[in-house]
Colleague: 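Attaching a single structure in structure tokens format; questions to follow.
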Amino acid sequence: MINSSKINKIVYGGDYNPEQWGEDIWKEDMRLFSLAGIDIVTLNVFSWALLQPNEDTYNFELLDKIMDLVKSHGLKVCLATSTAAHPAWMAKKYPDILRTDFNGIKRKFGGRHNSCPNSVTYKKFSVALAKELANRYKNFDNIVAWHISNEYGGECYCENCEKAFRLWLKNKYKTLTELNRVWNTAFWGHTFYDWDEIVLPNMLSEHFEYDRTMFQSISLDYRRFNSDSILECYKAEYNVIKTITPDIPITTNLMGFYKPLDYHKWAKYMDFASWDSYPANDASVADMAMNHDLIRGLKGGMPFALMEQTPSVTNWLAYNALKRPKVMRLWSYQAIAHGSDTVMFFQMRRSIGACEKLHGAVIDHVGNENTRVFREVASLGEELKHLGDKTLGLRSDSKVALVFDWDNWWAVEYSAGPSCELKYRDEVLNYYTALHDRNISVDIIGVDDELEKYEIVIAPILYMTKGNYDEKIREYVYKGGTFITTFFSGIVNENDLIVTGGYPGKLRDILGVWVEETDALPNGIENSFIFNNIKYPAKLLCDIMHLEGAEALSFYQTDFYQNTPCITKNSFGKGTAYYVGTRSDNNFYREFMKGVCNEKNVLPVWDTPKEVEAVKRIKDGRSCVFLLNHSNEIKTLYSENNYVDLLSKTAYKKGQKIILEAKEVVILEALEV
Amino acid sequence: MINSSKINKIVYGGDYNPEQWGEDIWKEDMRLFSLAGIDIVTLNVFSWALLQPNEDTYNFELLDKIMDLVKSHGLKVCLATSTAAHPAWMAKKYPDILRTDFNGIKRKFGGRHNSCPNSVTYKKFSVALAKELANRYKNFDNIVAWHISNEYGGECYCENCEKAFRLWLKNKYKTLTELNRVWNTAFWGHTFYDWDEIVLPNMLSEHFEYDRTMFQSISLDYRRFNSDSILECYKAEYNVIKTITPDIPITTNLMGFYKPLDYHKWAKYMDFASWDSYPANDASVADMAMNHDLIRGLKGGMPFALMEQTPSVTNWLAYNALKRPKVMRLWSYQAIAHGSDTVMFFQMRRSIGACEKLHGAVIDHVGNENTRVFREVASLGEELKHLGDKTLGLRSDSKVALVFDWDNWWAVEYSAGPSCELKYRDEVLNYYTALHDRNISVDIIGVDDELEKYEIVIAPILYMTKGNYDEKIREYVYKGGTFITTFFSGIVNENDLIVTGGYPGKLRDILGVWVEETDALPNGIENSFIFNNIKYPAKLLCDIMHLEGAEALSFYQTDFYQNTPCITKNSFGKGTAYYVGTRSDNNFYREFMKGVCNEKNVLPVWDTPKEVEAVKRIKDGRSCVFLLNHSNEIKTLYSENNYVDLLSKTAYKKGQKIILEAKEVVILEALEV
Amino acid sequence: MINSSKINKIVYGGDYNPEQWGEDIWKEDMRLFSLAGIDIVTLNVFSWALLQPNEDTYNFELLDKIMDLVKSHGLKVCLATSTAAHPAWMAKKYPDILRTDFNGIKRKFGGRHNSCPNSVTYKKFSVALAKELANRYKNFDNIVAWHISNEYGGECYCENCEKAFRLWLKNKYKTLTELNRVWNTAFWGHTFYDWDEIVLPNMLSEHFEYDRTMFQSISLDYRRFNSDSILECYKAEYNVIKTITPDIPITTNLMGFYKPLDYHKWAKYMDFASWDSYPANDASVADMAMNHDLIRGLKGGMPFALMEQTPSVTNWLAYNALKRPKVMRLWSYQAIAHGSDTVMFFQMRRSIGACEKLHGAVIDHVGNENTRVFREVASLGEELKHLGDKTLGLRSDSKVALVFDWDNWWAVEYSAGPSCELKYRDEVLNYYTALHDRNISVDIIGVDDELEKYEIVIAPILYMTKGNYDEKIREYVYKGGTFITTFFSGIVNENDLIVTGGYPGKLRDILGVWVEETDALPNGIENSFIFNNIKYPAKLLCDIMHLEGAEALSFYQTDFYQNTPCITKNSFGKGTAYYVGTRSDNNFYREFMKGVCNEKNVLPVWDTPKEVEAVKRIKDGRSCVFLLNHSNEIKTLYSENNYVDLLSKTAYKKGQKIILEAKEVVILEALEV
């Protein structure tokens, strides 16, 4: 994480853009930062146009001042490279830097995250700037991390990208014969005889909606190519900076479950993971937790940075409700509980113009410390000082892994059938919620991660079984692991070509079932099944299957496939493989996962009342339990051990009552007995 | 229909695309076809890019093999010309072949049905290919039909189309004076002084939504032009093939009520009609039947081909539910009952990649005969063998005709008022359903068809009275026919110019009413009227009219036009003309049409229980009644004659009980008594 | 208004387009006009292409005939310049006249209101035509007004507009330093170093939806620029005509609350205001009245012209219901009551083709006088003759003003937060309705209008306080005025830059409150407050505020800001300032405004039953009260004075019963007692 030799506490601060207001205000900013216990600022996120007024000139005068200012006030710096929005003069002089949108329209200058990833101009100037910055500020020992660009994302469909796509394909498939084979171009007369005949898949070619394509394999490769292209931009800056400041860790701020970029691939090139947490108004506690766990999983469980969260309010939602009192603190500790070693905000002072001027900040437009939000921020700042390094570097000890794979995400939602409501992340969240609600710790892993250390591995809707992933699962189960997958699994290979011979394809022997057909239930129509004597709904898709060694745990109750298996369990080697052939409701997932967990002796961290989240983290023999009361009521728990609360310093003896006020948090460190 | 000299049974088979998988699988395909009673395959639908790798080369090696393969296995062939998707190299070399969309954006290579109909390149290469195919395979005596292109459709707004549109207009109107007159260009200063000033009507010019235009007459002529342009492509292939294989009938697969193409005009150039039946999830039995009747009507009642239906599941709907057991068989017989001499599927084997890989097939991805779907297909195959030629060539003897006209469809839905919910096909379906539900046989006819043979002619929403169509109706009624029309009729001529002097224009004397005003009722607001002592709703539009010789059958019950006529009946010559001034509900339409039918002694084929469809077909003194139980329950009927069921060979004596299981069918041939 | 020396009554007539039909019909038109009491026609609205067949030729033959025709029949003329739709030949020869749309796509010829306002071609030819018309017809003494173009509007994003925008900006801001400052370009690296780097804000640059932009200040300036650009077109025609016919007043027909054009700025260049009234199906009586009051306010209360209304039906709504009997008359008198000196229709005769052929007209397609609509028109024509000049020139004596400002409208709805449902006009209508429903006369004023003459000034959502507008309010209140504003006020300056230091910014001292935070309540969620012992909902936004001298009138009842002020009242100098910190319902607004009005002794015109509107107008000691029964029932009132009804000539003594039939109107002139 953020250079740990330089910091021995949760770093606290956020995005600071003093270039947007007069220098007269900077001193006041420093005073307020001090009041709020701020120790880090992220600088220079969007200053390219200021730093480089034209092709031949850099102007670091203002940034020098800012760097000196914050250094002189003892602040650490997360230094951004400013390459997330190119200057207007560059767009005018070198229009190749402008993106072409999904509709095939060339954009003009405007917005941010606006550069074509395959623009030679962008590569040249962004890397040059990163180099210049690294050289200029390399001796600032308060720089604790580099922040390359900002929230990378989007897509480009310009001619340069088209050319680059052809090269990418040539590199991947070598021959057109192979490309024609894996893209199945015999379908609808798409055979290519020259690489130059290939065009990007968008509304001008293969798509009829953003997520609906006539050639899944082409669109899938475009998604990979686009993620790779943007990653190359990141890597180019990374490499030049690393040469100059080898000891400063480098990151870029991610965005949780962000579909366009394969973060598993990206994470390989990040020194630590960081992300911006802006939960939707209706996001559940489990959903927020799952996002944190995804990010933690990107670097194999290593602590990550919560790079941005709002101290108060967002401004881009349909309804931008205020964060209620104590919620900012609660969610900050939730991030820490799930693996963050930072608490950082967007933004330190509210802008005065343009589209984020109504986004919340530590310092509001009123400009002083006399606001509820500032007081809450300052109070947490004080508390984090006292907490010190007690939570730094803690790890999870999850015995359950949930597999999440970007390729599969893209492929499932391009699939063209069976149901428009089939969303990969929804089903992953269903299983995550079932575990989270019982305080079972979960790691979110990718397909390159090891399975051995988990008692249970769940891979919902594993539509695409890439490469030898089936082998990995097979071996895992054979040796004793418990594997769970669901309807619409094992259908295709990595090119979205069907694995023929019967679904679920390469997983068939592991699961011991053959899925003959899949029925799609229109919204509002349900089948049902009995599980542990309780009736649950069967929704969305219903796989109709035959047992091939597996045992049926449940059967459909109606329709022409009444009494055929709905959920199965297969013994395979020393292990067990479950197949859940339909979507059900949260009650089922909880009951089902409870059974599987019990079977494997995977136990909750704590048996808490509803809406109290318990998260355990460990390191070097130390163990902490975070108890987070997300409800609006007081909750009472009983201490399961001898603990001390790292926040209030209160000691709890085993069996002693722990009273959690609404939105309250305790961090219980286990005492040796 | 499909060359009858070569076939003496319902042909059974469908689209077969072996070029999409290895030759190793072909043998297995042949084995499975034989098991399933398949006797025809549609080949070569999307192989242009395979057949023609470049401008100067054809490569028929693969197709030769396939043709030999299927011939050697005794299969008939419906041979497609492959021109529904141009090769990528062609798009690259000759971009004039690419379409420009409704938003004015030039497309790139991709998808299918992608060629500009006015592209010189397309015409040249598509006709050349058709010629090449015809010459190469003319001696294959198992070819029973040509299948030109595939599901023609769409639109193009490119510069070539714009130029062609001007020529089309010049040819039609001769002078700009006449064009300015019929387009009423004095409105909004649109007077044209040069043909080249005319541009295509789309989002860049006259349209503000796809179906909303500022100049109806221009948009209407564009629709005609576009339908004609695409028809020219079809005709060009037709003509070259016909010269080479004069004895093989030629068709293209239509799509039921497909708005962009005027199928009545197209049908003149088709040796037989064929279509692809993919009912929506919520399509009623009547709706499916109406589609079949439309297609049958295109060639004056001649048997048609059911060219495609899914054996199991589609993949492009929002929810792709499985066809329940027995439903495929039931719907196959429904097609036969309504005039089909084939039962054909899309597709014989499920694809392995791209957007139709999840569309159902006779042979599923599992690749063998052990599926429910295969068993149902094979069972029907067996049954059709036994049925033999018993139903071939049967005709309807409808005494009721429903007029359906594409020009009118386009014009009604461009009309700009009075209600956004006014949809032509909806009102046609209302009348069709009223008749179908009582098993009254209906012919769907165009405005060129004769009226004399019908007792009753219904022309709902005859907004546009083209040419002398009023004369045709006048004469028909005068001589004793019964004519029914509705609100929003007689408003415009063929150029969407108002027929001034009082609505319903040229129909006014026939109907004996003058419609002074039309009120549009917002969704949810209803007026009402009493008919045969029952109260019915008046919805959508309410014509406010004056009697001019007609008799009022019903009156509005509320609003300021309370007690004014709502439904009228006029004696005209020896005949009768009804005017239904509003939209009502199905109960009304059934009651109303029952009365009119009884008056003309037009009787149901059979008085069946609900959801049992009865269709009568006759030929050369033979008469068959199809009874189709669309419900999920057993239905009991009593034989109205001495019959034998052609499927089960069961004989029924008059009065004997006929028990129809759910989804069951009988085909009762009347025995001479 | 329309040249008053030539007219001594409410002028009555409307748009007449005889060029759309044969001359044989014109005579009949004249006969029918005479029957209907028509005395004015608006001519030549869309005839540019007819008048000018090519660059070098004018052809006035047809217009000459029409001008002579109507003159010889004693009709006055409102003569349009025909420049609202350019000829097709001009678009072909000079494509710079074509607009580029919001998506950046260049349009082709089509529609109307289609010329780029910064097209040199358009300026040249439109002004030349206006000059030609003025010279040709200057001696027609029956021309009572010029009608320049038609319903100006829309936007253009072409290159010429882009260049013009840069000039407009240069003229406004002088230096790029100033432009960078006011646009806050330091945000997201937007610093401009050359004017040519600036591009228009649309979907290709700063926008991601039509009303959502990444740079509010740029988009705001574009809106001003676009309104100004179109205004320049109007002014160019105005100036040339004024030189030739200095005595004929000039106008253009406005469209009520039309967002793209700043009518306050426009009105300065109009000799009188005129507008087209087409209320939506669900528009309330108050909404219709507010539109009239807006237009009246544009020229400081001077009478305006109702230039267009439909006599019967529109054709572009989703559901085009008929105007019920007597409604056209009722709404005509409502327009007069609110300040119109005309009653004019679109259109005199229904067109025969294109998109307005189903729009209602005085003479329907049947072509004679025997229609309900014609009879109603003729009856009103007769009545207006008898009414004579009795209502001409009457003025309002409103003591309440509602501030409405286009800049603020644009800025509020670009604001990016706090709620997507925040619509400026809605809140203005809430206050207007509260007053209108009690028959309190309101003037709608702009920010340049004087405040002194009003007892109460209401400025809902005064988000933007431009220039010294706060000073104006401060002085007004200080001297004794009552001022009311609401949540989301005082936030930004004229460039959408935040007024820092605490909301409501420059209004803070006047209102005596500091708003610390604003909570956005999602749709369906409500807080509440008690006002005068009644509980009302708090919706949309809830300002959380601190009293700084003001008194709290109400407090929030729930949530974490329970018991904090919701509505406040501040004494400032001799006056009072209210702050309403949330949105409530109509009951609250009525109760609240009733209290404020009573406090200032602002009394209703008449205490009428529900749905009876009472409007008072005065001039030179004369005073008239219009009583308009908008309900469908008979209403009974009691005369508050000695009156005579100018329509029926009935005299009413004070206290006497006045019975108003449904949709009936009386105009009571007070008799001296």
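Chain naming here is simple, since letters A, B, ... match the order of the sequence lines and numbering starts at 1 in each.
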Colleague: What part of B:Arg212 is in contact with chain C, defined as an atom under 4.5 angstrom from a non-hydrogen atom: side chain, backbone, both or neither?
Modeller: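 For B:Arg212, the contact with chain C is made by the side chain alone.
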
Colleague: Could you tell me which portion of C:His359 (side chain, backbone, both or neither) has an atom closer than 4.5 angstrom to a non-hydrogen atom of chain B?
Modeller: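 Looking at C:His359, nothing touches chain B.
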
Colleague: First locate atom CD1 of B:Ile198, then atom CZ of C:Phe109, and finally report the distance between them rounded to the nearest 0.5 Å.
Modeller: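 CZ of C:Phe109 is found 10.0 Å from CD1 of B:Ile198.
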
Colleague: Quick one: what part of B:Thr213 sits under 4.5 Å from any heavy atom of chain C, side chain, backbone, both or neither?
Modeller: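 Just its backbone gets close to chain C.
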
Colleague: Is the closest side-chain heavy-atom distance between C:Lys357 and B:Ile491 below 4.5 Å?
Modeller: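 Contact flag for C:Lys357/B:Ile491 side chains = no.
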
Colleague: To the nearest 0.5 angstrom, please state how far the CZ atom of C:Arg349 sits from the OG1 atom of B:Thr500.
Modeller: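 Separation between the atoms: 8.0 Å.
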
Colleague: So, taking the atom named CG in C:Asn320 and the one named CG in B:Leu422, what distance separates them when rounded to the nearest 0.5 Å?
Modeller: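 These two atoms lie 11.0 Å from each other.
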
Colleague: Which bit of C:Asp364 is near chain B, if near means a heavy-atom gap under 4.5 Å: side chain, backbone, both or neither?
Modeller: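 Just the side chain, heavy atoms under 4.5 Å.
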
Colleague: Side chain, backbone, both or neither: which part of B:Val182 has a heavy atom under 4.5 Å from chain C?
Modeller: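 Neither part, no heavy atoms under 4.5 Å.
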
Colleague: Does any non-hydrogen side-chain atom of B:Trp514 lie less than 4.5 Å from one of C:Val366?
Modeller: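 With C-beta onward as the side chain, the pair touches.
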
Colleague: Below 4.5 Å from any heavy atom of chain C, which atoms of B:Thr518 appear? Answer side chain, backbone, both or neither.
Modeller: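 It is the backbone, since no side chain atom gets that close.
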
Colleague: Using 0.5 Å steps for rounding, measure from the CG atom of C:Asn281 to the CD1 atom of B:Ile525.
Modeller: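 The CG atom of C:Asn281 sits 10.0 Å away from the CD1 atom of B:Ile525.
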
Colleague: Below 4.5 Å from any heavy atom of chain C, which atoms of B:Ile544 appear? Answer side chain, backbone, both or neither.
Modeller: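 Just its side chain gets close to chain C.
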
Colleague: Measuring from atom OH of C:Tyr319 to atom CG of B:Asn523, what distance do you get when rounded to the nearest 0.5 angstrom?
Modeller: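 If we round to the nearest 0.5 Å, C:Tyr319:OH and B:Asn523:CG are 4.0 Å apart.
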
Colleague: Measuring only between side-chain heavy atoms, which start at C-beta, is C:Glu356 closer than 4.5 Å to B:Phe187?
Modeller: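 Yes; the side chains approach each other to less than 4.5 Å.
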
Colleague: Charged N to carboxylate O under 4.0 angstrom, C:Arg112 versus B:Glu206?
Modeller: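 No salt bridge links C:Arg112 with B:Glu206.
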
Colleague: Could you tell me whether the side chain of C:Ile352 reaches within less than 4.5 Å of the side chain of B:Asn184, counting heavy atoms only?
Modeller: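 B:Asn184 vs C:Ile352: side chains touch.
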
Colleague: For B:Ile498 versus C:Leu358, what's the shortest heavy-atom pair and its separation?
Modeller: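 Nearest pair, atom of B:Ile498 first, then C:Leu358: CD1-CD2, 4.4 Å.
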
Colleague: Do B:Asp196 and C:Lys93 sit within salt-bridge range, that is, some charged N less than 4.0 Å from a carboxylate O?
Modeller: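 No, this pair does not count.
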
Colleague: So which heavy atom on C:Leu50 is nearest to which on B:Ala186, and how close?
Modeller: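 The pair with the smallest heavy-atom distance is CD1-CB, 4.3 Å.
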
Colleague: B:Asp496 versus chain C, heavy atoms under 4.5 Å apart: side chain, backbone, both or neither?
Modeller: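 Both the backbone and the side chain of B:Asp496 come within 4.5 Å of chain C.
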
Colleague: So, for B:Gly189 and C:Ala49, which heavy atoms are closest and what is the spacing to 0.1 Å?
Modeller: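 For B:Gly189 and C:Ala49, the tightest heavy-atom pair comes out as O-CB, 3.4 Å.
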
Colleague: Does any N or O in the side chain of B:Asp519 come within less than 3.5 Å of the main-chain N or O of C:Leu322, such that one atom is a donor and the other an acceptor?
Modeller: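 Checking the backbone N and O of C:Leu322 against the side chain of B:Asp519, a donor-acceptor pair under 3.5 Å is found.
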
Colleague: Strictly distance-based, threshold 3.5 Å: is any side-chain N or O of B:Gln216 a donor or acceptor partner for the main-chain N or O of C:Gly353?
Modeller: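 Flag not set: sc B:Gln216 to bb C:Gly353 has no pair under 3.5 Å.
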
Colleague: Working to the nearest 0.5 angstrom, can you tell me the gap between C:Lys92 NZ and B:Phe192 CZ?
Modeller: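 Result: 11.5 Å between the selected atoms.
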
Colleague: Do the side chain of C:Arg107 and the main chain of B:Ser205 share a donor and acceptor less than 3.5 angstrom apart?
Modeller: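 Between the backbone of B:Ser205 and the side chain of C:Arg107 there is a qualifying donor-acceptor contact (under 3.5 Å).
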
Colleague: Are B:Glu516 and C:Arg372 ion-paired here, with the side-chain N under 4.0 Å from a carboxylate O?
Modeller: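 Answer for the salt bridge query: no.
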
